[in-house]
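Just so it is clear, the values below take in all heavy atoms, side chains as well, and ignore hydrogens, waters and symmetry mates.
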Amino acid sequence: ANAIQGTLLMVGMATLFSVPFGIAIAVYLSEIGKSGAIAQIVRFVLSILSAVPSIVVGVFAYAVIVLATIFGYRGFSALAGGFALAVIMLPIVVLSTEEALKLVPNHQRLASAALGANSFQTVFKIVLTAALPSMTTGVLLAIARASGETAPLIFTALFSQGWVEQILNPTPSLSVMIYNYSSSAFPEQTQMAWTASLVLLGLVTITNLLSRLITRKR
């Protein structure tokens, strides 16, 4: 139960960071910057970031968060784990949201402008509303990807046997629990690793099914 709590906490923190920031970047790339030089550089960086192995992201988060002193605390924490997962989720959110915005017909933008709406109103009331189902699918797929990551959490959140009391302490997660217990000499811990695998698979499957159902309903 504590591993489920830690997983939900860190994935939730990563979602709170990556989704608003990712949508803002996608809006800039699709509606404002488009084919500009800055937009091309951002797309290039995001493409590279999406291909970076997760263990490299874990080492990066270890260097900038775990080794730093935040609010008087230093070391492994849920905050560092959430940051690492956010870095993994960010390119998925940005690229999927940008593609979703491109699928919105241009005549809807023109109609909005013809009715007197400015660019801000057109983007947030027309374009984002029309692309919301596809954007939600991308976000849920990013969440599913982050939920199964192990290497970044070993470098950032580590593990603990207790409940999560604050986000600046070592935090348990299902994926690290599977890694720790799968090769244990104690049969009880091996059984817990199998159970955690089933629970994690169920969470990821539910997330993917939700993304499919949202798209299908639309």
Side-chain angles (χ1 to χ4, degrees), residues 6-68 70 76-104 123-124 127-128 131-157 167-168 171 173-176 200 203-204 207-208 210-211 214-215:
T7 298
L8 295 177
L9 173 64
M10 288 185 286
V11 173
M13 293 171 58
T15 303
L16 289 177
F17 172 80
S18 62
V19 171
F21 194 46
I23 292 176
I25 295 176
V27 169
Y28 172 80
L29 296 178
S30 177
E31 304 297 323
I32 302 174
K34 295 185 178 180
S35 58
I38 297 179
Q40 295 294 339
I41 294 174
V42 172
R43 289 191 187 95
F44 178 72
V45 172
L46 288 172
S47 298
I48 294 177
L49 187 60
S50 64
V52 171
S54 59
I55 191 171
V56 177
V57 177
V59 173
F60 170 71
Y62 175 82
V64 301
I65 302 294
V66 176
L67 297 182
I70 302 176
F76 301 100
S77 63
L79 180 63
F83 173 78
L85 296 181
V87 173
I88 294 174
M89 291 175 60
L90 184 61
I92 302 175
V93 174
V94 174
L95 296 176
S96 62
T97 301
E98 183 186 7
E99 292 301 319
L101 296 177
K102 289 180 179 179
L103 293 176
V104 178
V123 169
F124 285 91
V127 179
L128 287 178
L132 187 59
S134 299
M135 291 167 52
T136 304
T137 300
V139 170
L140 291 177
L141 291 176
I143 292 174
R145 162 76 188 278
S147 300
E149 290 293 342
T150 305
L153 299 184
I154 295 177
F155 281 93
T156 54
I167 63 173
L168 296 176
T171 304
S173 61
L174 288 170
S175 56
V176 178
L200 183 58
L203 292 176
V204 174
T207 305
N208 282 279
L210 285 175
S211 65
I214 291 174
T215 308

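In L132, the CG atom is crowded: over 12 heavy atoms of neighbouring residues, nucleotides or ligands sit closer than 6.0 Å. In this structure, I38 places its CD1 atom where only 12 or fewer heavy-atom neighbours from other residues, nucleotides or ligands lie under 6.0 Å away. For Y28, the OH atom sits in a packed shell: over 12 heavy atoms of surrounding residues, nucleotides or ligands are nearer than 6.0 Å.
The ring-ring contact (aromatic ring centres under 6.0 Å, His included) search around F76 returns none, not counting sequence neighbours.
Across G58 and T156, no two heavy atoms sit closer than the pair O-CG2, 4.0 Å. Here the shortest heavy-atom pairing between V93 and S18 reads CG1-O, 4.1 Å. Between V176 and T150, the shortest heavy-atom contact is CG2-O, 4.1 Å. Considering all non-hydrogen atoms of both residues, L200 and G148 come closest at CD2-CA, 4.3 Å. Nearest heavy-atom pair, V66 versus F155, reported as atom, atom and distance to 0.1 Å: CG2-O, 3.7 Å. Closest non-hydrogen pair, V57 versus A84, comes out as CG1-O, 3.5 Å.
Between the side chain of S134 and the backbone N or O of A131, no donor-acceptor pair lies under 3.5 Å. T7 contributes a side-chain N or O that, together with a main-chain N or O of L174, makes up a donor-acceptor pair within less than 3.5 Å. In this structure, S30 contributes its side chain and A26 its backbone to no donor-acceptor pair below 3.5 Å. A donor-acceptor distance shorter than 3.5 angstrom exists from the side chain of R43 to the backbone of L29, with no hydrogens or angles considered. Under a 3.5 Å cut-off, the side chain of S50 and the backbone N or O of S47 do form a donor-acceptor pair.
Expressed to the nearest 0.5 Å, how far CZ of F17 lies from CG of L79 amounts to 10.5 Å. Rounded to the nearest 0.5 Å, atoms CD (E31) and CD (E98) are 9.5 Å apart. Note that OG1 of T97 is 10.0 Å distant from CD1 of I25, once rounded to the nearest 0.5 Å. Here the straight-line distance linking atom CZ of F60 with atom CZ of F83 works out to 4.5 Å at 0.5 Å rounding. From T171, atom OG1 reaches atom CE of M10 across 5.5 Å, with rounding to the nearest 0.5 Å. The OG atom of S147 sits 8.0 Å away from the CG atom of L8 when rounded to the nearest 0.5 Å.
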Subject >> Worked check of side chain to side chain contact (heavy atoms under 4.5 Å, CB included) between I23 and V94 >> reply: CA-CA 6 Å; I23 292 176; V94 174; over 6 Å; no

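Counting heavy atoms from C-beta on, the side chains of T207 and L141 never come closer than 4.5 Å.
For the side-chain contact (heavy atoms from CB on, under 4.5 Å) test with L85, the passing option among R145, E149, M13 is E149; the others fail.
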